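To start, the structure itself, in structure tokens.
The structure presented is a predicted model; accordingly, all values stated were derived computationally and were not measured.
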Amino acid sequence: MAAVTNTSPSPTDAIAASLARKTTTAKSEELSESRFLTLLTAQLKNQDPMNPLDNAQVTSQLAQISTVDGIERLNSMLGQIMQGQQSSEALQAASLVGRGVLIPGKGMQLSDAGAIGGFSLDAPADKVTLSIKDANGLEVATVPLGSFDAGTHNFQWDGTAADGARAANGKYTVSIEALTGDKAVASQMLEFGAVTSVVRGPKGSDLQIGDLGIFKMSEIKQIL
């Protein structure tokens, strides 16, 4: 009797090709569990009785579909979590509109009501001193603030200059010297600004802080 050769692709090849298409192009049709079970059932029904499908092959194929399905479920769950976080961040950002905040910066605006600024310390400091300079870089006042713990702090300057006179309203720059004994403490100046609007970006919500620019939520060091 002449041997008959089946030239049509086996169900195993069909499953493998389908999985390969899924991993190489995002536009290919996703392989669902029901479709996999349909193909696997057809494979079992049409297997050669003299050469039945190896149990290891079935286990391997089940592991493949389980892995793909698990990744899909994980991606979907992560997407939902990210959407929830972005919505929560947007609500939090919106609640800051009209509030005063401290952000990294050395500027300080003096008005009739005085000026507000801030600083952060990486460690406690026995002596914190501010140096305030005008637009020409000339020192207008030196303000001793005393001792502070590590963390973020704010201060107010009433505009009194080194000679006792009232400094002119306008923009000033501030630098800080923080010491513990004779050792310098790492510090950073913070600038005061009012949140005027929320800017929704592709990665979250940013804040427009007056004419100081756009800042990320993580850059807000203190809310006043």
Side-chain angles (χ1 to χ4, degrees), residues 81-82 84-111 113-164 167-224:
I81 292 174
M82 290 298 296
Q85 287 181 335
Q86 289 178 357
S87 297
S88 176
E89 186 179 74
L91 290 174
Q92 184 181 4
S95 69
L96 292 178
V97 175
R99 299 289 299 274
V101 296
L102 292 177
I103 55 175
K106 298 180 178 180
M108 186 169 62
Q109 185 72 34
L110 178 63
S111 66
I116 300 175
F119 59 91
S120 62
L121 301 174
D122 289 356
D126 297 334
K127 182 181 179 182
V128 175
T129 306
L130 302 178
S131 174
I132 303 174
K133 298 180 180 180
D134 62 17
N136 297 317
L138 299 176
E139 188 173 73
V140 174
T142 300
V143 182
L145 297 180
S147 62
F148 289 87
D149 293 330
T152 300
H153 308 277
N154 60 74
F155 65 87
Q156 288 184 309
W157 179 47
D158 61 6
T160 302
D163 59 3
N169 290 346
K171 187 79 171 180
Y172 293 83
T173 58
V174 190
S175 58
I176 183 174
E177 181 183 54
L179 301 172
T180 293
D182 58 351
K183 295 183 178 179
V185 175
S187 58
Q188 181 185 36
M189 285 305 306
L190 303 175
E191 188 168 359
F192 174 82
V195 179
T196 53
S197 64
V198 177
V199 181
R200 190 69 181 268
K203 295 184 179 181
S205 298
D206 299 330
L207 300 173
Q208 177 73 47
I209 302 180
D211 59 359
L212 298 181
I214 297 175
F215 294 82
K216 299 182 182 301
M217 289 286 293
S218 59
E219 294 180 284
I220 304 300
K221 303 304 181 181
Q222 192 177 82
I223 303 171
L224 302 178

Checklist entry - Do Val174 and Lys106 have side-chain heavy atoms sitting under 4.5 Å apart? => result no
Item to check | Distance-minimising heavy-atom pair for Ala168 and Leu110 | outcome: O-CD2, 3.4 Å
Item to check | Thr129 side chain vs Glu177 backbone, donor-acceptor pair below 3.5 Å | outcome: no
Checklist entry - What's the spacing between Ile209 CD1 and Leu96 CG if we round to 0.5 Å? => result 9.0 Å
Item to check | By side chain to side chain contact (heavy atoms under 4.5 Å, CB included) - contacts of Leu145 (at least two apart) | outcome: Phe119, Val128, Leu130, Val143, Phe148, Phe155
Next on the checklist: Is it the case that over 12 heavy atoms from other parts of the model lie below 6.0 angstrom from the NZ atom of Lys171?
Outcome noted: yes
Item to check | Which atom of Gly118 lies closest to which atom of Leu102, heavy atoms considered | outcome: CA-CD1, 4.0 Å
Next on the checklist: Under a 3.5 Å distance rule, please check whether Asn136 uses its side chain to pair with a backbone N or O of Leu138 as donor and acceptor.
Outcome noted: no
Item to check | side chain to side chain contact (heavy atoms under 4.5 Å, CB included) against Glu139, all qualifying residues, sequence neighbours excluded | outcome: Ser131, Lys133, Thr142
Item to check | Approximate separation, where rounding is to 0.5 Å, of Thr173 OG1 and Asp134 CG | outcome: 8.0 Å
Checklist entry - Shortest non-hydrogen contact from Leu212 to Gly193? => result CD1-CA, 4.0 Å
Checklist outcome for this item: Nearest heavy-atom approach of Leu121 to Ala178 is CD2-CB, 3.7 Å
Next on the checklist: Could you measure the distance from the CZ atom of Arg99 to the CG atom of Leu207? Nearest 0.5 Å is fine.
Outcome noted: 12.0 Å
Checklist entry - With no hydrogens and no angle check, is any side-chain donor or acceptor of Glu219 less than 3.5 Å from a backbone partner on Lys221? => result no
Item to check | Taking every non-hydrogen atom, the tightest pair across Phe215 and Pro104 | outcome: CE2-O, 4.5 Å
Checklist outcome for this item: d(Ile223 CD1, Thr152 OG1) to nearest 0.5 Å is 11.5 Å
Checklist entry - Between atom CD1 of Ile103 and atom CD1 of Ile220, what is the distance when rounded to the nearest 0.5 Å? => result 6.5 Å
Next on the checklist: Please determine whether side chain to side chain contact (heavy atoms under 4.5 Å, CB included) holds for the pair Leu224 and Gln222, giving the CA-CA distance in whole Å, both sets of side-chain angles, and the decisive distance to 0.1 Å.
Outcome noted: CA-CA 6 Å; Leu224 302 178; Gln222 192 177 82; 3.0 Å; yes
Checklist entry - Minimum heavy-atom separation for Met108 to Ile116, with atom names? => result CG-O, 3.8 Å
Item to check | Rounded distance [0.5 Å steps], NZ in Lys216 versus CG in Asp206 | outcome: 5.0 Å
